[in-house]
Amino acid sequence: MKKLSLSIISLILLVACGKKEEKAAPPVMPYKVVAVTKSNTTLLAEYPATLEGITDIDIRAKVDGYIEKIYVQEGQEVKKGQLLFKLETQTANQEASAAKAKVAAAQVEVNRLIPLVERNIISDVQLETAKANLASAKSTYQGIVAKINYASIKSPVNGIVGTLPLRLGSYVSSQTTEPLTRISDVSTIFAYFSMNEKQQLDITMNAPGKTFQEKITKMPSVNLILSNGMKYEKAGKIETFSGQANTQTGSFNVRASFPNANKLLRSGGSGSIQIPTNLKEVIIIPQNATLEMQDKRIVLVADKDNKVKAVPVEVRAVPGGRFFVVDKGLNENDKILIEGVGIVSEGTLIKPELVDYATIINSEEKAVN
């Protein structure tokens, strides 16, 4: 009887312990998931750029002299042929007067000898010598006049005046290292930037057209983000790629042009070029459905047994900062967690609650707008 009682007590204890263990088992928690599908999107690749006008011409003195007058100010808009600087010409004017007098004297001598030659009083040699002296005197005079004209320095193009490093009284010559100023034609602005070989291939291969030049012509418009973070009001166009990659950096130089009728953009400025790339049939996921672990981007996927699996993915950011395009790691219809990311650990059994993929995408887009 004692043995039987002990057995019954042991059995009761085992049952009680089993019930306690069942109660201690964690419940299966529900988490929202989406079955990813493929869709179309546009990526904006961004590249630092420097801005230059159509022409940036250094203005230099052709003759020696002191700056007597400055007719423009920094940043002023000027027309072709407009007077910019005047150099001191007092010495040259005196030389011109003397040279002009010699021309007159040489002309008198020629005029005096002509009738003498006609009457055979003197030989032609004397007249020809006098004519040569006249030509030399005229050449000297014209050279001095040209020097005086060069002292009035004019703008060779329509444009904007740059800095004026020299002041009144500064001595300049054709050998002066620093230019008097720079005139920039900024009616159109060129944005210069570079991209690596992979980026160049991605852009050109997705552009319509058969030949490389045709692809450039048909490339979509590009945006210019100014240094203050604002987008420039006018869209630009890619015009050229360098003929070959830089052997040291592996990059291609690219030029885009932007209309600049209001002269808002100036040479020497900076910004960023945004180039759109249209992608078709790609997997797009919300950025908040991912996390970073040891320099890797991770997505939590519910497998066929509803257990959480951490899957590394390769992604590219979609403009707006809300989505990633998944290049590698996910397949269509994979169920990814959009809830509990960063909390749920790998291997956890969950109860997936399927949410419509389009609903998630639309709600994220509304959040952006």
Side-chain angles (χ1 to χ4, degrees), residues 49-97 99-100 138-193 224 226-227 232-234 236-240 242-243 253-271 273:
T50 57
L51 308 181
E52 293 184 16
I54 296 176
T55 56
D56 290 314
I57 301 176
D58 287 342
I59 305 299
R60 298 180 180 276
K62 291 185 178 181
V63 294
D64 301 354
Y66 295 95
I67 298 178
E68 187 175 80
K69 288 184 180 180
I70 300 176
Y71 294 95
V72 292
Q73 297 179 349
E74 294 181 355
Q76 181 179 335
E77 188 172 352
V78 296
K79 300 295 184 181
K80 181 178 180 180
Q82 184 172 334
L83 190 59
L84 305 176
F85 304 92
K86 187 175 186 304
L87 304 184
E88 178 273 323
T89 58
Q90 182 176 354
T91 302
N93 288 336
Q94 293 173 351
E95 292 175 352
S97 297
K100 189 175 182 180
K138 286 182 177 180
S139 177
T140 300
Y141 173 69
Q142 290 169 356
I144 296 171
V145 170
K147 182 179 178 181
I148 294 171
N149 291 336
Y150 285 142
S152 296
I153 302 170
K154 300 177 181 180
S155 177
V157 294
N158 297 337
I160 305 294
V161 178
T163 59
L164 299 171
L166 302 175
R167 296 293 180 256
L168 292 176
S170 299
Y171 182 81
V172 295
S173 72
S174 59
Q175 304 301 315
T176 301
T177 303
E178 195 169 25
L180 297 173
T181 190
R182 172 177 287 188
I183 303 296
S184 301
D185 180 355
V186 293
S187 55
T188 295
I189 281 288
F190 293 137
Y192 293 91
F193 58 101
L224 173 62
L226 304 175
S227 56
Y232 182 56
E233 59 185 9
K234 300 290 186 180
K237 185 71 177 173
I238 291 180
E239 293 187 344
T240 62
S242 56
N253 294 324
V254 190
R255 187 183 78 188
S257 64
F258 292 84
N260 189 36
N262 58 7
K263 307 297 190 298
L264 175 66
L265 305 178
R266 298 297 176 94
S267 284
S270 63
I273 297 296

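Here the structure is a predicted model, which is why all the values come from computation and not from measurement.
Looking at every heavy atom in both residues, A191 comes nearest to I273 through CB-CD1, 3.7 Å. Minimum interatomic distance between G53 and S267 (heavy atoms only, all atoms of both residues): N-OG, 2.7 Å. When all heavy atoms are compared, the tightest approach of T176 to R60 is O-NH1, 3.0 Å. The shortest heavy-atom contact between V63 and L87 is O-CD1, 3.7 Å. When all heavy atoms of I160 and R266 are compared, the closest pair comes out as CG2-NH1, 3.3 Å. The shortest heavy-atom contact between A61 and I153 is CA-CD1, 4.2 Å.
Atom NZ of K86 sits in a crowded spot, with more than 12 heavy atoms from other residues, nucleotides or ligands closer than 6.0 Å. Atom NZ of K234 is surrounded by 12 or fewer heavy atoms from other residues, nucleotides or ligands within 6.0 Å. Within a 6.0 Å sphere centred on OH of Y171, heavy atoms belonging to other residues, nucleotides or ligands number more than 12. For Y232, the OH atom is densely surrounded, since the number of other residues' heavy atoms within 6.0 Å is greater than 12. The number of heavy-atom neighbours closer than 6.0 Å to NZ of K263, taken from other residues, nucleotides and ligands shown, is above 12.
Looking at N262 and E233, their side chains do bring a donor and an acceptor atom within 3.5 Å of each other. A side-chain donor from one of S184 and D56 sits under 3.5 Å from a side-chain acceptor of the other. There is a side-chain donor-acceptor pair under 3.5 Å between S257 and E239.
Of the possible donor and acceptor atoms, one in the side chain of T181 sits under 3.5 Å from a partner among the backbone N and O of T163. Put simply, the side chain of N260 gets close to the backbone of V186: a donor and an acceptor are under 3.5 Å apart. Of the possible donor and acceptor atoms, none in the side chain of S174 sits under 3.5 Å from a partner among the backbone N and O of K62. Of the possible polar contacts, none joining the E77 side chain to the K79 backbone as a donor-acceptor pair under 3.5 Å is found.
Side-chain contact between D58 and I183: absent, with no pair of heavy atoms (C-beta onward) separated by less than 4.5 Å.
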